[in-house]
Amino acid sequence: MDDGLRSDARELARLLRGARHPVVLTGAGVSTESGIPDFRTPGSGLWTHVNPMEILSVTALATDPRRFYDFKIPLWRKFIESQPNAAHLALAEMEGMGAISCVITQNIDSLHTRAGSQNVLEVHGHMRTGRCLGCGVTEPFETLVHRVEEENECPPQCTCGGTLRPNVVLFGDGMAGDFEAAVDEAIQCDLMLVVGSSLEVSPANSLPEYARHVAILNVGPTACDREAIWQSHAKAGELLPLVVEALKAGIGAEAPNPA
Ligand code: NAD
């Protein structure tokens with residue numbers, strides 16, 4: 001085992017234990033080790049193949065729903081088939097130990113909840129359900145997929161005649177209801193640990209600005225690197241289980257608050 005990784009894990013455990021209200025902000029990078037591509041990793045990121053702003057926008061859904069669903073449905077299948085990885089599991093365990101207060105996620109894959117995290121704020125919504133733009137009814141995402149694939153209905157229609165759309169935040173949408181709670185968490189927190197996000201997507205990337213201190217665990221660079229009091233370029237699924245080990249070993253139990 002790499003000594004650098006262990007020492008990074010101990011330092012992070014100390015910071016978390018020293019914080020009064022530590023929260024975690026995750027992005028697509030926390031799920032790459034589950035086999036789900038992120039946006040910006042060179043070569044494998046979704047941006048290598050498409051411009052998400054052209055496909056995953058409110059305008060794209062309205063003007064070219066077939067292209068939108070041809071992109072979204074395989075992604076949804078990948079989410080269902082994927083399993084939480086060591087990073088998701090470690091974050092759930094850290095919450096159970098009282099080492100973090102909540103996970104704010106930009107992800108729509110539900111893997112934090114499936115890993116056992118209880119307090120999850122999904123600021124970009126999720127792919128579990130869709131809603132009718134007419135009557136507001138909520139339907140499982142499977143229903144939307146069935147209407148598109150089996151009934152050749154694109155966009156999918158509700159029984160009231162309205163259009164069904166996924167409960168995800170698209171480019172051009174307002175933020176999900178959880179965003180307000182996420183801002184409150186960011187204001188309250190004295191340490192925000194960012195995991196697997198380039199911090200390029202607005203307004204989620206404004207959340208670290210509210211936090212008193214920011215720590216960053218991200219393979220690539222982020223827009224907030226210069227403000228970070230701690231940083232590691234390790235893979236989340238390799239480092240976070242070591243942080244759990246360090247916390248269990250009592251590392252940081254006596255640490256002073258980073259403030
Ligand atoms: P991003 O692609 O802009 O950045 C991801 C970052 O994670 C990169 O900087 C990369 O270096 C880093 N990374 C990749 N693998 C890592 C690992 N194993 N450990 C640590 N770091 C790793 O993603 P973003 O900042 O979340 O913004 C993209 C937007 O796309 C978000 O809004 C997100 O909702 C959405 N998205 C979500 C999913 C998902 O739900 N899984 C997948 C793709 C995109």
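Both counts, for ligands and for their atoms, begin at 1 and track the order of listing. Remember, predicted model here, so these are calculated numbers, not experimental data.
With a 4.5 Å cut-off on side-chain heavy atoms, Glu209 and Glu227 do not count as touching. At least one side-chain heavy atom of Leu25 sits under 4.5 Å from a side-chain heavy atom of Pro208.
Taking every non-hydrogen atom of Ile36 and a distance limit under 4.0 Å, the qualifying atoms of ligand 1 come out as 41 (N). Annotation for ligand 1: atoms under 4.0 Å from non-hydrogen atoms of Gly29 are 5 (C), 7 (O), 13 (N), 14 (C), 15 (N), 16 (C), 17 (C), 18 (N), 19 (N), 22 (C). Remark: ligand 1 atoms within the under-4.0 Å shell around heavy atoms of Gly220 are 11 (O). Near Gly27, the atoms of ligand 1 lying under 4.0 angstrom from a non-hydrogen atom of the residue are 26 (O). Of all the atoms in ligand 1, the ones that sit under 4.0 Å from a non-hydrogen atom of Pro37 are 42 (C), 43 (C). Close contacts of ligand 1 with Val201, meaning ligand atoms under 4.0 Å from a residue heavy atom, involve 27 (O), 28 (C), 29 (C). Each of the atoms 5 (C), 6 (C), 7 (O), 21 (N) of ligand 1 lies under 4.0 Å from some heavy atom of Gly196.
For ligand 1, the polar-atom distance check against Ile108 finds a nitrogen or oxygen pair separated by under 3.5 Å. Taking only nitrogen or oxygen atoms, main chain and side chain alike, Glu200 does not reach within less than 3.5 Å of ligand 1. For ligand 1, the polar-atom distance check finds an N/O of Ala236 within less than 3.5 Å of one of the ligand's N/O atoms. Close N/O approach between Ala28 and ligand 1 is found [any backbone or side-chain N/O within under 3.5 Å].
Counting heavy atoms only, Asn218 comes closest to atom 6 (C) of ligand 1 of the residues Leu239, Thr222, Asn218. Closest to atom 15 (N) of ligand 1 by heavy atom, among Thr32, Val219, Leu56, Asp109, is Thr32. The option with the heavy atom closest to atom 5 (C) of ligand 1, from among Asn85, Asp38, Val30, is Asp38.
For the pair His88 and Val30, the tightest heavy-atom approach, listed with the atom from each and the gap, is CE1-O, 3.4 Å. Closest heavy-atom contact between Asp178 and Glu122: OD2-N, 2.8 Å.
The stretch residues 114-148 participates, sequence neighbours left out, in these ring pair (Phe, Tyr, Trp, His ring centres under 6.0 Å) pairs: Trp76-Phe141.
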- Are Glu139 and Arg147 close enough, and set up right, to give a salt bridge (Lys or Arg N to Asp or Glu O under 4.0 Å), and what steps lead you there? CA-CA 11 Å; Glu139 296 280 3; Arg147 300 262 156 86; 5.3 Å; no
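A donor and an acceptor atom, one from each side chain of Asp38 and Thr32, are nowhere located under 3.5 Å apart.
In this structure, the side chain of Asn107 engages the main chain of Gly27 through a donor-acceptor pair within 3.5 Å.
The side-chain contact (heavy atoms from CB on, under 4.5 Å) test with Val243 is passed by exactly one of Leu217, Leu91, Leu12: Leu12.
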